[in-house]
2 protein chains.
Amino acid sequence: MDALEWYCMDKKYTIKDIAELAGVSKGTVDRVLHRRGKVSPKALARVEKILKEIDYQPNPIARNLKNNKVYRICVLMPDPKEDAYWSPAVQGIKEAAREFKPFGVLVNTYYYYTSEKISFIEKSKEALNSSPDVLLMAPVFQKEALEIFKHCQEAGVSVALFNNLIEEFSTQSFVGQDLTQTGRVAAGLIHKLVDNSSTIAILHIDEEKHMSLKENGFKAFFEGRSFTPEIKTFSLQTSNYEAFKKQSIDLVKNTNTISSVFVTNSKAYVFLKAISGINKNLTIVGYDLLPENIKYLEKGHIDFLIHQKPKRQAYLGVGYLAENFLFGKPIPEENLLPIDIITPENVMYYLD
Amino acid sequence: MDALEWYCMDKKYTIKDIAELAGVSKGTVDRVLHRRGKVSPKALARVEKILKEIDYQPNPIARNLKNNKVYRICVLMPDPKEDAYWSPAVQGIKEAAREFKPFGVLVNTYYYYTSEKISFIEKSKEALNSSPDVLLMAPVFQKEALEIFKHCQEAGVSVALFNNLIEEFSTQSFVGQDLTQTGRVAAGLIHKLVDNSSTIAILHIDEEKHMSLKENGFKAFFEGRSFTPEIKTFSLQTSNYEAFKKQSIDLVKNTNTISSVFVTNSKAYVFLKAISGINKNLTIVGYDLLPENIKYLEKGHIDFLIHQKPKRQAYLGVGYLAENFLFGKPIPEENLLPIDIITPENVMYYLD
DNA sequence: ACAAACTATGTGTTCGTACACATTTTTACT
DNA sequence: AGTAAAAATGTGTACGAACACATAGTTTGT
């Protein structure tokens, strides 16, 4: 392919070019492109012929310049002060906001408390009061999310989701992970590390809704296999820390066939701290790159962490919306991010 | 934060707004912004005061519209017909080209043959003949790359690299992976799966330059640890397949303390095919998501694959350049992509 | 046949930036 | 003081798409 061919192939045609080629004015070309009618069959045919020949694509930059609108995105998510898992998500939002601000996309973030369902609704109302173009939310509560969705529809605000999927919102845009599959990934890892005769513990700490999906996936991995290990499920609360510590130690010490633990959220470090006095070689798989988890990963106490990519989820959530506003890029309906497996040797590439 | 505050914070100021606020004309503001001089100290002070107050950022869209240039990127990379590793990279290039074409960024790809050094130089000349704005290349050959770099400088064409780093090009932009660290990742995985008494084989198939880095990283992982396993390095050629097969079988059968094999490139599947007759439980870690490798991964014969992300490397290589052209976004000097660990349970998210 | 009513088509302006060019103001020197 | 040169400042246009509006061309009705 030589330079000449290149030039011919990819000359950037404008409406003016098309108008000249078809022997009409740019107004007529515009009417054909936008099906605004008021075009004679003769002119229509000539313009369409040219359009077919050159594969015209409008310049998205010029189009947006004319639109000249300020787009507003409200983000509604759990307060990172309450759960450090959300801190990277805030970072992702901030980065995207910075990147798209010069283009006229404004982002405003509202935090709710996962300990108070009512704050979710309240903050959503606050967000809607600023009448954004779209509400991007990480909805921890299903029922309340549906209520908010109704409010949005009434206010003419579209909705996008990240991190937590609401089944009933099938048509909405979603960026997140298949949590069930993350359970399978964890099972695959543990399966490689321990022998089939030992018992595996699934440990839920401060149970939340999404954890059962992970448990299901974990168990599903072993279904239909010839040797299936024994799996025991535990559910502990950290609210009473002394009780939690005692139960954790019991789990490790007295249930002595347990060789591995799958912690279904980011709190593996809490468990490890609780059992720090005990010298037992456990295989541990947990979630999320919290600083405390990374510390235990690098010390070799956690074998693998599964990365839920909160930062990327949030960044993409905003980015998809912005690029759709600005350049008409279609928004993926359901974007399930890769399930990254983290070891001490590759963890640095997933931070920041 | 209410709607009013929002409005005040993020009003989109234009040059015209600034001119009015400072009581000068937009021409003067323009001269201040671009340091074109010919501005009285009085006017300069007034404009700069306003600029400081409002944190003005020019509209990248309008700026680009004015520039109205067609940007040309030539990509120079190994022919995917020769090595399937490169096929996803071609996909990445194609996707980026499609995405940025409406913005006036044109991409043309040239393939060279890794079996013929001369074709690398030849194709680079062909690429330079079309006088692109930048040459993005995956340089397998160091010495030849430097020569091409000289040609580019003479022709005023800037250079960006992906996949293969050339040490001497320290100032150039690079998208790729730290290959030494991938070796450490592989070692970490094998270390978890096998006991320290067994022997680990490092297997180079059809040796290339980059493999030694992986070997170094692999060995470095064990340095300073209390129990270090024995590591044996093998180097086989597939050009004579019968000999290769015999050597492979020898490796597995006769060197019978070997419990795990680290294949330093994408050809793990070739090795597994060669030893398919032998029933021995080997731990195998290899590279790259070739269909044949995935087949063996899903059958459980390969334990882990390390994903070198050729598609993303190529996509980002083009994307960074395009966004720099279009919106003046800075190009990261060295972007080392995460080293993804692939199992049968997460492989689907890394494909396509 | 001629105006009214309509259709078809062309022209002009806007968006925000960048730069060329025109105009005004200041400075320097006879 | 008067004028030329220099400096400062303002004005206008282009980029490409979108749309409002003006004009040209055609049909209809009396």
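By convention in this document, chain letters (A, B, ...) are assigned in the order of the sequence lines, proteins followed by strands, and residues within each chain are numbered from 1. Predicted model, so just to flag it, every value in this text is computed and none were measured.
Scanning atom types as modelled, no donor and acceptor separated by under 3.5 angstrom connect the side chain of Lys12(B) and the base of dG16(C). Side-chain to base pairing of Lys26(B) with dG12(D): one donor and one acceptor N or O lie within less than 3.5 Å of each other.
The side chain of Asn59(B) lies closest to dT17(C) when the candidates are dA17(D), dT17(C), dT9(C). Nearest nucleotide to the Lys66(B) side chain, out of dG16(C), dG10(C), dG10(D): dG16(C). Checked against dT9(D), dC15(D), dT9(C), the side chain of Arg31(B) finds its nearest nucleotide in dT9(D). In the set dT17(C), dT9(D), dA17(D), the nucleotide with an atom closest to the side chain of Ala62(B) is dT17(C). The nucleotide whose nearest atom lies closest to any side-chain atom of Lys38(B) is, among dT17(C), dC15(C), dT9(D), dT9(D). Listed nucleotides: dT17(C), dC15(D), dT11(D). Nearest to the side chain of Ser25(B): dT11(D).
Atom pair Ile54(A):CD1 and dG16(D):P shows a separation of 13 Å (rounding to whole Å applied). The separation between Ile18(B) atom CD1 and dG16(C) atom P is 12 Å, rounded to whole Å. Following rounding to the nearest Å, Arg35(B) (CZ) and dA8(D) (P) show an atom-to-atom distance of 17 Å. The distance between atom CG of Leu65(A) and atom C1' of dA14(D), rounded to the nearest whole Å, is 12 Å. Distance NE2 (His34(B)) to P (dA20(C)): 12 Å, rounded to an integer number of Å. One can place CZ of Phe103(A) at 16 Å from C1' of dC15(C), the figure rounded to the nearest angstrom. One can place NZ of Lys16(B) at 10 Å from C1' of dC15(C), the figure rounded to the nearest angstrom. A straight line from NZ of Lys69(B) to P of dC15(D) spans 16 Å, rounded to a whole angstrom.
The residue Asp30(B) sits close to a base: some heavy atom pair falls under 4.0 Å. Using a 4.0 Å heavy-atom distance criterion, Ile15(B) is classed as a sugar-phosphate-only contact. Within the nucleic acid shown, Arg36(A) comes within 4.0 Å of sugar-phosphate atoms alone, with no base atom in reach, counting heavy atoms only. Nucleic acid contact class of Tyr56(B) (heavy atoms, under 4.0 Å, all strands): sugar-phosphate only.
Taking 4.0 angstrom as the limit, Ser40(B) places a side-chain polar atom (N or O) nearer than this to OP1 or OP2 of dT9(D). Side-chain N/O atoms of Asn68(B) include one lying less than 4.0 angstrom from OP1 or OP2 on dG16(D). Regarding contacts with the backbone of dG10(D), a side-chain N or O of Thr28(B) is found under 4.0 angstrom from either OP1 or OP2.
Within the cation-pi definition used here (under 6.0 Å to the ring centroid, within 45° of the axis), Lys101(B) does not qualify as a partner of Phe103(B).
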Q.
Between Asp17(A) and Tyr56(A), does the side chain to side chain donor-acceptor pair (under 3.5 Å) criterion hold? Intermediate values first, please.
A. CA-CA 10 Å; Asp17(A) 294 327; Tyr56(A) 168 77; over 6 Å; no

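Checked by atom type, the side-chain pair Asn335(A)/Tyr320(A) shows a donor-acceptor distance below 3.5 Å. Gln91(B) and Tyr315(B) share no side-chain donor-acceptor pair at under 3.5 Å.
One finds no salt bridge joining Glu20(B) and Lys26(B) here, because no Lys/Arg side-chain nitrogen approaches an Asp/Glu carboxylate oxygen to under 4.0 Å. Look at Glu48(B) and Lys52(B) and you find no salt bridge, because none of the NZ, NE, NH1 or NH2 atoms lies under 4.0 Å from a carboxylate O.
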